[in-house]
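Written out below as structure tokens is the structure these notes cover.
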Amino acid sequence: MSQTASLTRFNEKLQLAVQQYQSLQRENARLQKELQDLKGKEELHLHQITELENKVAALKMTAGQIEVTDRKELEKKLNLYIREIDRCIAMLGD
């Protein structure tokens, strides 16, 4: 095989490798975006779950069906929210 033919073959393989690399870069960017979208959806779903759990607890409490352990957990959450509100008020006062 001549040196020119070897160089041409090497150049063709190099071009193919560059094309594959660019294709993989595009695929990686697409997958990264998809991952970010899914993480956003997961965060939204977790927030919705928390809201629904709070609503269920509130409904149980209003219906008088709340158990002692649930009541204590609800009190803990309420105290946590109150402390957070107090902290925010203190920050606003500064």
Side-chain angles (χ1 to χ4, degrees):
M1 191 184 300
S2 71
Q3 189 175 10
T4 306
S6 292
L7 190 56
T8 301
R9 184 164 159 76
F10 174 77
N11 191 30
E12 288 171 354
K13 286 185 178 183
L14 181 61
Q15 291 298 322
L16 181 61
V18 168
Q19 288 173 356
Q20 289 174 344
Y21 174 74
Q22 290 171 343
S23 175
L24 289 172
Q25 280 184 318
R26 287 189 298 272
E27 178 71 6
N28 186 32
R30 185 188 67 77
L31 290 172
Q32 290 291 336
K33 183 181 181 325
E34 184 178 338
L35 178 62
Q36 290 299 329
D37 291 345
L38 290 173
K39 283 182 178 180
K41 287 180 182 179
E42 178 187 26
E43 187 176 317
L44 176 65
H45 289 146
L46 289 174
H47 181 69
Q48 289 173 339
I49 288 170
T50 302
E51 285 182 3
L52 290 173
E53 287 173 343
N54 290 338
K55 287 181 181 179
V56 166
L59 288 172
K60 282 183 178 180
M61 193 166 94
T62 58
Q65 297 177 355
I66 193 164
E67 296 177 16
V68 174
T69 55
D70 290 335
R71 178 173 287 142
K72 288 183 180 183
E73 185 65 31
L74 181 60
E75 287 173 0
K76 284 181 186 178
K77 285 183 181 182
L78 289 174
N79 287 333
L80 178 69
Y81 293 143
I82 290 169
R83 282 193 302 273
E84 185 68 18
I85 290 169
D86 288 342
R87 188 182 67 79
C88 291
I89 291 172
M91 288 174 56
L92 288 172
D94 290 342

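It should be emphasised that the depicted structure is a prediction, and the values quoted were computed from it without experimental measurement.
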*Indicate yes or no for a side-chain donor-acceptor contact from Asn79 to the backbone of Glu75 under 3.5 Å, with no hydrogens or angles considered.*
yes
_Counting only heavy atoms not in Glu43 (residues, nucleotides, ligands), do more than 12 fall under 6.0 Å from its CD?_
no
*In Å and rounded to the nearest 0.5 Å, what is the CG to NE2 distance from Leu52 to His47?*
10.0 Å
*With respect to Leu44, which candidate in Glu42, Gln48, Lys41 satisfies the side-chain contact (heavy atoms from CB on, under 4.5 Å) definition?*
Gln48
*asked:* Rounded at 0.5 Å granularity, tell me how far CZ in Arg26 sits from OH in Tyr21.
replied: 11.5 Å
_Identified side-chain contact (heavy atoms from CB on, under 4.5 Å) counterpart of Glu34 within the set Gln32, Gln36, Arg30_ = Arg30
_For the backbone of Leu46 and the side chain of Thr50, can you confirm whether one donor and one acceptor N or O come within less than 3.5 Å of each other?_
yes
*Pairwise distance CD1(Ile49) to CD(Glu53) - rounded to 0.5 angstrom*: 7.0 Å
*Go through the structure and list residues passing side chain to side chain donor-acceptor pair (under 3.5 Å) with Asp37, not counting sequence neighbours.*
Lys33
_Rounded at 0.5 Å granularity, tell me how far OG1 in Thr4 sits from CG in Asn11._
12.0 Å
_Glu73 with Lys77: basic N within carboxylate O range, under 4.0 Å_ = no
*Glu12/Arg9 salt bridge by N-O under 4.0 Å criterion*: no
*Point-to-point distance, once rounded to the nearest 0.5 Å, from CZ of Arg87 to CD1 of Ile82*: 15.0 Å
